[in-house]
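One structure is given here, and the rest of the page talks about it.
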Amino acid sequence: MSQDPELLRRLLRAKDRMDAASHEEWSNEKLARVSGVSEAHFARSFKEAFGVPPHRYLLTRRIERAKSLLRDTELSTTEIAFRTGWKSLGTFGRTFRDVTGESPTELRARERASPQSLESVPACFLHAAHRPDLTIAVSEKRRQALDGRADDEEVP
Amino acid sequence: MSQGVAVVGIYVSDQDEALAFYTEKLGFEVHTDVKNGTYRWLTVRYPEQSVVQLGLFVPESPMIDADSARALRALVAKGAMPPLVLEVKDVRATCARFESKGVELTQPPVERFGSVDASFRDPSGNGWKIVQSR
């Protein structure tokens, strides 16, 4: 809690930009520019402020968005993968399973089976509430799930 | 005589900056602006809504101890404060007006679930959602 509020406010701007367009590519260089800090300083400060490295934060937003599209639309898994920023369907499916514990199709089937009446809650807050809490790297989560299989692929 | 919520306060990092933002950029009106020593009670209200005041308060001693005040300032700047929702008749028109005043939208108007919504933050970091009245 020792970070300067003025710096935090500028880091929040980078976080907001990822929130607004999580399907886009967000390099640390680009995000550092949004925050007005050096690239070297940016990733460390972001992690200290928000608890996760910027690229992993972006990943949680993409998964969150994919989940809501699976839940609320009839779009195909392929279409959803590309709309949420993945370049490969394989990476999307694998990362999705690693993070949420189920495949996109499984999640869709399960969510469809449990009708909800949440019309009175603004949609964005619901989405945020369903954001995956990714406190460890996807690669680490994968390692924990499949004991012994090392895979350092983290960013889709 | 009506009963109910009269004032809801949010924390801001600077009351002068917040006052300028809420009145000049968002079009709120000052309801109360009173100083008592260094303490300043500052509330604004949405023009068409006379009953609810939005309090713009700074986390500071002696109301709060210095460590907690520092922590709160950081939390506000990180956007960790609870949701604020502004309901308007026309989200797109409101956003156009806000943008013309220099408000940076964090999410431009999006049509979904049969309505339109958008987002912005105040200078301190408080996040607002703008939704369309149904």
Side-chain angles (χ1 to χ4, degrees), chain A residues 1-24 26 31 34-37 42 45-52 54 57 61 64-65 67-69 71-75 83 116-131 133, chain B residues 11-14 17-18 21 58-60 64-88 91 95 99 103-134:
Chain A
M1 205 52 86
S2 60
Q3 285 174 294
D4 173 28
E6 202 264 332
L7 167 67
L8 292 170
R9 181 66 184 87
R10 286 188 282 122
L11 294 170
L12 179 61
R13 186 160 287 127
K15 188 165 172 268
D16 282 340
R17 296 289 282 273
M18 286 194 272
D19 288 345
S22 62
H23 59 284
E24 289 178 14
W26 290 101
L31 292 167
V34 170
S35 290
V37 299
F42 174 75
S45 304
F46 188 97
K47 184 171 188 297
E48 192 183 340
F50 300 113
V52 287
Y57 178 73
R61 293 309 316 257
E64 171 196 336
R65 177 143 170 70
K67 283 170 80 171
S68 85
L69 289 173
R71 202 166 38 230
D72 305 329
T73 73
E74 300 298 328
L75 295 170
R83 281 201 189 191
Q116 296 157 324
S117 56
L118 296 163
E119 288 85 1
S120 60
V121 184
C124 56
F125 300 120
L126 283 180
H127 293 163
H130 290 130
R131 188 176 306 164
D133 190 11
Chain B
Y11 281 130
V12 298
S13 52
D14 181 300
E17 180 186 57
F21 180 82
V58 175
E60 62 189 352
I64 298 167
D65 66 275
D67 281 353
S68 302
R70 244 192 311 279
L72 281 165
R73 283 169 185 270
L75 289 170
V76 173
K78 285 203 274 186
M81 290 320 214
L84 298 163
V85 181
L86 188 64
E87 189 172 302
V88 300
V91 169
C95 286
E99 281 191 297
V103 176
E104 191 185 337
L105 298 178
T106 47
Q107 178 218 300
V110 170
E111 191 162 354
R112 54 185 164 192
F113 309 106
S115 186
V116 184
D117 66 79
S119 310
F120 67 93
R121 283 192 194 281
D122 73 10
S124 304
N126 292 297
W128 282 90
K129 179 64 64 176
I130 315 175
V131 300
Q132 197 136 308
S133 329
R134 298 197 186 219

Nearest-0.5 Å distance, [atom1] of residue [X] to [atom2] of residue [Y]:
X         : Y         : atom1 : atom2 : value
Arg112(B) : Thr73(A)  : CZ    : OG1   : 13.0 Å
Lys78(B)  : Leu12(A)  : NZ    : CG    : 10.5 Å
Lys15(A)  : Thr106(B) : NZ    : OG1   : 11.0 Å
Glu104(B) : Asp16(A)  : CD    : CG    : 8.0 Å

Considering only heavy atoms, which portion of Asp4(A) lies under 4.5 Å from any heavy atom of chain B: side chain, backbone, both, or neither?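 Interface part for Asp4(A): neither.
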Structural part of Arg13(A) lying under 4.5 Å from a heavy atom of chain B: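 For Arg13(A), side-chain heavy atoms alone lie under 4.5 Å from chain B.
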What residue, out of Ala80(B), Ser115(B), Pro83(B), has the most heavy-atom pairs lying under 4.5 Å from chain A?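 Answer, by heavy-atom pair count under 4.5 Å with chain A: Pro83(B).
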Need one label for [X]: side chain, backbone, both or neither, based on atoms under 4.5 Å from any heavy atom in chain A.
X         : result
Ser13(B)  : neither
Ser124(B) : backbone
Pro123(B) : backbone

Exceeds 12 heavy-atom contacts within 6.0 angstrom, atom CZ of Arg65(A):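 Open: at most 12 neighbouring heavy atoms sit under 6.0 Å from CZ of Arg65(A).
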Considering all heavy atoms, the nearest Pro5(A)-Ala77(B) contact: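 Scanning both residues completely, I find the closest heavy atoms to be O-CB, 3.2 Å.
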